[in-house]
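Since the structure comes first, as structure tokens, the remarks are kept for the end.
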Amino acid sequence: IVLFTSAVPVYNDNYCPNSAIYQYNITFQSNLKILLSDLTSNASQGPDGYYLTNIGLATINVASGIFLCRGDVASAICQECVAAVATEIECCCHNQTQSIIWYDECTLGYTNRYFNSVSIVPRVNLWDDKNISTSDLKFNLATIEAATNKFSYENKIGKGGFGEVYKGVLLDGREIAVKKLSQSSRQGVVEFKNEVLLIAKLQHRNLVTLLGFCLEEQEKMLIYEFVPNKSLDYFLFDPVKQRELDWSRRYKIIVSIARGILYLHEDSQLLIIHRDLKASNVLLDENMNPKISDFGMAKIFQADQTQVNTGRIVGTYGYMSPEYAMRGQFSVKSDVFSFGVLVLEIVSSKKNTDFCQTKHADDLLSYAWKNWTEQTPLELLDPTLRGSYSRNEVIRCIHIGLLCIQENPSDRPSMATISLMLNSYSVTLSLPRKPASFLHGRTPNRLKNGLHSDESATSSILWSNNEVSITEVYPR
């Protein structure tokens with residue numbers, strides 16, 4: 001990512017409601033000055049471009065504030081922008097108890113009420129100016145309704161665990177995909193915040209591009225680039241359409257997905273664990289190039305973190321690593337496990353969760369291992385590919401897939417090693433150990449009941465009554 005380094009913040013807009021006036025020499029005024037100083041100070045300490053805080057206890061005197069820096073600006077520019085806005089907001093919004101001001105590089109707001117990160121509705125979306133113009137940075141509900149024909153059934157192109165997806169066309173002709181979060185989903189706000197904060201910081205050809213968002217009239221919507229060929233599962237598991245995925249195309253998809261995950265793990269500004277990598281979350285563009293999507297479940301790791309324990313299990317049955325499904329432990333190796341499952345599905349055109357028991361194999365992973373140990377790995381290959389494929393590439397992919405799904409996370413290769421394995425035959429592959437077999441017998445009933453085998457649905461369960469069901473965001 002090339003960070004934006006201009007030293008002069010660019011003003012866009014401000015909001016000062018005339019009805020929100022406070023009198024001089026009251027506690028709120030004092031709390032407001034402390035609040036603005038605190039926001040500026042935290043920007044200088046190099047956070048991840050986002051900070052929310054409250055000053056004061058009594059509701060009448062509380063001062064709540066937030067700043068959000070655009071994902072592609074350097075931390076020094078974030079600090080300069082927040083400092084400038086903290087000074088400017090008192091001039092632009094004189095004597096106000098509620099104010100917000102937008103610059104290209106950052107936004108800052110305060111109010112005399114307690115609020116969370118989605119309480120402020122922005123007029124300007126702080127996305128990378130290389131992707132979208134300032135005038136486009138304004139997605140309101142009327143614009144999205146017009147683009148999707150008021151979310152008509154004909155424009156509906158998908159449904160996920162947290163809402164529906166619609167195709168739309170903006171007035172300038174750009175095609176978009178609108179992820180409309182369900183109003184009944186309690187978890188929707190958390191995932192919405194998470195996805196906005198994450199995707200704004202990510203730029204890679206194998207990740208879907210987020211154009212903006214809309215928060216209006218209780219609606220929460222994410223606006224993405226439109227990817228015309230739907231998702232990988234649409235082709236992979238359809239008896240007719242899977243024929244459109246010849247081996248060279250499948251191998252290219254595997255390599256590209258690996259590049260995208262490697263970017264998340266090692267090459268982006270943040271160390272990100274996706275946590276819900278699966279065929280339905282891999283979109284295909286007009287050239288069948290894959291783009292990883294749906295970052296609502298993603299987790300940002302701190303620089304010194306290697307593993308996190310959680311009581312809130314989110315993901316999809318059949319793709320989750322055993323240490324995560326059984327003990328709530330996840331790391332970069334959790335994504336590696338999911339990638340391994342996905343590789344074996346791409347090779348075989350069979351879903352791990354829907355695999356029919358045959359030849360004493362309970363699931364796809366067991367079947368792959370059985371054929372590997374019996375030295376018949378090509379039995380796993382999709383029969384439609386038998387006429388034309390690279391024997392070495394297929395066997396290498398099966399080998400890599402088995403290395404990824406080993407039960408012990410430390411035995412699994414990193415995504416950097418996996419990328420080398422896929423791109424260079426000079427890299428020697430170690431012998432895989434028997435894969436985890438937790439889908440049958442050992443899986444806790446609460447997990448079986450809480451998560452569905454349908455790969456298009458993402459669910460979550462609480463392992464502890466005291467666990468707060470919120471996805472926290474940490475700086476790298």
Side-chain angles (χ1 to χ4, degrees), residues 158 160-162 191 194-195 198-199 202 204-208 227 230-237 250 253-268 270-284 289-301 308 310 313-325 329-347 351-353 364-365 397 400-406 409 412-419 422 435-436 439 451-460 471:
F162 295 96
E191 276 65 43
N194 208 30
E195 197 148 3
L198 281 176
I199 302 280
L202 303 178
H204 191 273
R205 60 182 174 178
N206 296 123
L207 303 181
V208 70
V227 184
K230 298 189 177 181
S231 54
L232 178 59
D233 65 322
Y234 177 75
F235 289 88
L236 195 59
F237 305 130
R250 295 190 195 204
I253 288 173
I254 290 172
V255 172
S256 298
I257 293 172
R259 285 200 199 106
I261 306 171
L262 175 61
Y263 170 79
L264 295 177
H265 288 186
E266 298 188 21
D267 296 334
S268 70
L270 308 165
L271 194 167
I272 298 169
I273 314 298
H274 188 279
R275 289 208 294 177
D276 201 20
L277 182 66
K278 55 186 177 180
S280 59
N281 279 344
V282 176
L283 306 183
L284 300 172
N289 296 313
K291 291 178 176 285
I292 301 169
S293 68
D294 205 336
F295 288 80
M297 301 291 100
K299 185 83 169 182
I300 301 180
F301 269 35
V308 166
T310 181
I313 309 301
V314 294
T316 303
Y317 186 61
Y319 290 89
M320 289 189 296
S321 63
E323 70 275 8
Y324 184 40
Q329 299 173 349
F330 67 91
S331 64
V332 291
K333 297 300 181 72
S334 304
D335 279 352
V336 170
F337 183 92
S338 302
F339 175 76
V341 175
L342 187 53
V343 168
L344 296 178
E345 289 185 333
I346 292 172
V347 170
K351 295 181 185 179
N352 185 33
T353 51
L364 178 61
L365 310 190
C397 283
I400 291 171
L402 289 172
L403 289 173
C404 292
I405 61 172
Q406 295 176 105
R412 301 171 203 155
S414 67
M415 290 309 305
T417 301
I418 291 168
S419 292
L422 289 168
L439 292 179
L451 295 174
H452 306 289
S453 63
D454 179 3
E455 90 293 331
S456 66
T458 300
S459 305
S460 66
T471 303

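These values consider heavy atoms only, across backbone and side chains, with no hydrogens, waters or symmetry-generated copies.
No donor-acceptor pair closer than 3.5 Å links the side chain of T417 to the backbone N or O of P413. No donor-acceptor distance shorter than 3.5 angstrom exists from the side chain of S256 to the backbone of I253, with no hydrogens or angles considered. Side chain of K291 to backbone of V282: no donor-acceptor contact under 3.5 angstrom is found. In terms of modelled atom types and a separation under 3.5 Å, the side chain of D335 and the main chain of I273 share no donor-acceptor contact. Not a single donor-acceptor pair under 3.5 Å links the side chain of H265 to the backbone N or O of S414.
For R412 against P322, the heavy-atom pair with the smallest separation is NH2-CD, 3.7 Å. When all heavy atoms are compared, the tightest approach of E323 to S334 is OE2-OG, 3.8 Å.
Using a 4.5 Å heavy-atom cutoff, the side chains of S321 and K333 are not in contact. In this structure, D233 and K278 have side chains that are not in contact, with every pair of non-hydrogen atoms separated by 4.5 Å or more. Counting heavy atoms from C-beta outward, I272 and L202 have side chains that approach closer than 4.5 Å. Side-chain contact check for L284 versus N289: every heavy-atom pair is 4.5 Å or farther apart. Using a 4.5 Å heavy-atom cutoff, the side chains of F337 and L277 are not in contact. Counting heavy atoms from C-beta outward, V336 and V332 have side chains that stay 4.5 Å or more apart. Counting heavy atoms from C-beta outward, N206 and I261 have side chains that stay 4.5 Å or more apart. S280 places none of its side-chain heavy atoms less than 4.5 Å from the side chain of L232.
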Are F295 and L264 close enough, and set up right, to give a side chain to side chain contact (heavy atoms under 4.5 Å, CB included), and what steps lead you there?
CA-CA 11 Å; F295 288 80; L264 295 177; 3.7 Å; yes
Derivation and outcome, side chain to side chain contact (heavy atoms under 4.5 Å, CB included), residues V208 and I292:
CA-CA 6 Å; V208 70; I292 301 169; over 6 Å; no
Evaluate the criterion side chain to side chain contact (heavy atoms under 4.5 Å, CB included) for residue pair L236 and R250; output intermediate values, then yes/no.
CA-CA 9 Å; L236 195 59; R250 295 190 195 204; 3.9 Å; yes
Given side chain to side chain contact (heavy atoms under 4.5 Å, CB included), test V343 with I400 step by step and report yes or no.
CA-CA 8 Å; V343 168; I400 291 171; 5.5 Å; no
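For the atom pair OG1 (T316) and CG (N352), the distance works out to 12.0 Å, reported to the nearest 0.5 Å. Of the inter-residue distances, the one linking I254 atom CD1 with L342 atom CG reads 7.5 Å to the nearest 0.5 angstrom. Once rounded to the nearest 0.5 Å, the distance linking CG of L365 with CD1 of I405 reads 4.0 Å. Between atom OG of residue S338 and atom NE2 of residue H274 there is a gap of 9.5 Å, rounded to the nearest 0.5 Å.
With sequence neighbours left out, E345 forms a side chain to side chain donor-acceptor pair (under 3.5 Å) with Y319.
Using a 4.0 Å cut-off between a side-chain N of Lys or Arg and a carboxylate O of Asp or Glu, E266 and R259 do not qualify as a salt bridge.
Under 3.5 Å, the side chains of N281 and S231 contain no donor-acceptor pair of N or O atoms.
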